[in-house]
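A short worksheet on the structure shown next.
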Number of protein chains: 2
Amino acid sequence: MISPLSSKMIRFSKKVEYALMALKFISASNPRLVTAREISDKVNIPYDLLSKILQRLKSEKILSSTQGTHGGYLLASSPDKIFLYEIMRAIDGDRALTECLISGKEGECGLEDSCSIKSPVTKLQKEVEELFKSKTISDFV
Amino acid sequence: MISPLSSKMIRFSKKVEYALMALKFISASNPRLVTAREISDKVNIPYDLLSKILQRLKSEKILSSTQGTHGGYLLASSPDKIFLYEIMRAIDGDRALTECLISGKEGECGLEDSCSIKSPVTKLQKEVEELFKSKTISDFV
DNA sequence: TTGAAAGCGGACTAATCAAGTCCTATTTAG
DNA sequence: CTAAATAGGACTTGATTAGTCCGCTTTCAA
Ligand code: SF4
Ligand code: SF4
């Protein structure tokens, strides 16, 4: 009937949880360079998974990294400028309450023309976004 | 590492979207008794799926129903007393940002003891809940 | 009294997604 | 030149979602 929905929003994926823990850890170690291995050990996150999460955060400019033997990660900006919303987006991509609100998927729903809830849901989506945009990793004491 | 997470929250499931549309429709037809078939036709929702959604809303006391030839559904209370949060809960069960915050699953996570984000996430969860508790189907103009 | 129209409800399937693993580069200090 | 680190693609597994199917029960009216 409706094309299957591929987007989750607001329920944290494990990856996002791991990202938050990792970012907290890195933040607490500031300005020391921290390795994926160290975080994996201290916070008990599977190493391979964590690696990819950190790489992703790096590619999204939330972290900076140095390669090589004594490499590691650092926050790319101060903790109170790293917003939850951006972390979620970096890791899980664009998400929204409904399919039609995800950029790139507008019009894949099929009910969109006749949909009676799209407009109110759009408003609600904005409120949810505001909530997540208002939190930074500094709030994750 | 961590037991797989079985809870989604805040991304609406299609069922919740359908529920909202159906409730809007029933609300608009008030106080006429409305059948699942009629809603299915008018709103373009698969009949079988919709049936189960309505049944669920009924069993959760959000709708009332009458069986038999001229049966159908009615709102069990006024639209401004039917909260989004309750609809979501009726349909998808208990959900939360993280596994550890779902009643019945406390302690299934495995990281719970050492988790550095549980407390801030708990706070955030409350804010999210407040948001959904503040919306009723009257807000879904 | 019987049949059609409605609600009730479990079992099932197919597609999709999340979580985690594995493997192979590339970079760089010592 | 090698060990330790980041980088990143391919893959597997299990869980979840969306949707279907089928049979039962209730009620009304012909
Ligand atoms: S809100 Fe309406 S249009 Fe948007 S995805 Fe849900 S059904 Fe389709
Ligand atoms: S304890 Fe920490 S890791 Fe486990 S579910 Fe709760 S928040 Fe996520």
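Note that these values count all heavy atoms, side chains included, but never hydrogens, waters or copies made by symmetry. None of the values given here were measured: they were computed from a predicted structure. Letters A, B, ... are given to chains in the order of the sequence lines, protein chains preceding strands, and every chain is numbered from 1.
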Checklist entry - Side-chain N or O of A:Tyr18 less than 4.0 angstrom from OP1 or OP2 on C:dA19? => result no
Checklist entry - Which of the following nucleotides, D:dT6, C:dA6, C:dC8, is nearest to the side chain of A:Thr35? => result D:dT6
Next on the checklist: Can you tell me if A:Tyr47 touches the phosphate of D:dA5, counting only side-chain N or O atoms and a distance under 4.0 Å to OP1 or OP2?
Outcome noted: no
Item to check | Atom pair distance, as rounded to whole Å: CZ in B:Arg32 and P in C:dA6 | outcome: 12 Å
Checklist entry - In terms of side-chain heavy atoms of B:Gln55, which of D:dT6, C:dT21, C:dG9 is nearest? => result C:dG9
Item to check | Stepwise side-chain contact (heavy atoms from CB on, under 4.5 Å) test for A:Glu127 and B:Lys135 | outcome: CA-CA 11 Å; A:Glu127 297 187 55; B:Lys135 306 292 174 191; 2.7 Å; yes
Next on the checklist: I need the CD1-P distance between B:Ile26 and C:dG7, as an integer number of Å.
Outcome noted: 10 Å
Item to check | Separation of C:dA19 C1' from B:Leu111 CG (nearest whole Å) | outcome: 13 Å
Checklist entry - What nucleotide, of C:dG7, D:dA18, D:dT6, holds the atom closest to the side chain of B:Arg11? => result D:dA18
Next on the checklist: Under 4.0 Å, heavy atoms only, any strand: does A:Thr66 hit a base, just the sugar-phosphate, or nothing?
Outcome noted: sugar-phosphate
Checklist entry - Once each nucleotide of nucleotides 22-30 of chain D is scored for protein heavy atoms under 4.0 Å, what B/S/- sequence comes out, 5' to 3'? => result ---BBBBS-
Item to check | Atom-pair distance (CG on A:Leu50; P on C:dC22), nearest Å | outcome: 16 Å
Checklist outcome for this item: What one should report as the nearest heavy-atom pair of B:Ser134 and B:Leu131 is OG-O, 2.7 Å
Next on the checklist: In whole Å, I'd like the distance from the CD1 atom of A:Ile53 to the P atom of D:dG9.
Outcome noted: 16 Å
Item to check | Separation of C:dC12 C1' from B:Leu49 CG (nearest whole Å) | outcome: 14 Å
Item to check | Salt bridge B:Arg32-B:Glu38, side-chain N to carboxylate O under 4.0 Å | outcome: yes
Checklist outcome for this item: Atom NZ of B:Lys14 and atom P of D:dT20 are separated, to the nearest Å, by 14 Å
Next on the checklist: Would A:Lys133 pass as a cation-pi partner of A:Tyr85, given that its NZ or CZ must be under 6.0 Å from the six-membered ring centre and within 45 degrees of the axis?
Outcome noted: yes
Next on the checklist: Nearest whole Å is fine: how far is C:dT27 C1' from A:Tyr73 OH?
Outcome noted: 12 Å
Item to check | Worked verdict on A:Met21 versus B:Leu111 for side-chain contact (heavy atoms from CB on, under 4.5 Å) | outcome: CA-CA 11 Å; A:Met21 295 186 229; B:Leu111 291 188; 4.0 Å; yes
Checklist outcome for this item: Minimal heavy-atom distance between A:Lys14 and B:Glu99, with the atoms involved, is NZ-OE1, 4.1 Å
Next on the checklist: At less than 4.0 Å, is any side-chain N or O atom of B:Lys58 found next to OP1 or OP2 of C:dC8? Yes or no.
Outcome noted: yes
Checklist entry - Hey, quick one: are B:Phe83 and B:Leu75 part of the same hydrophobic cluster, counting side-chain heavy atoms closer than 4.5 Å, chains of contacts allowed? => result no
Checklist outcome for this item: Picking from D:dT6, C:dA11, D:dT17, the nucleotide nearest the side-chain atoms of B:Lys52 would be C:dA11
Checklist entry - Would one find a side-chain N or O of A:Arg56 under 4.0 angstrom from OP1 or OP2 of D:dG9? => result no
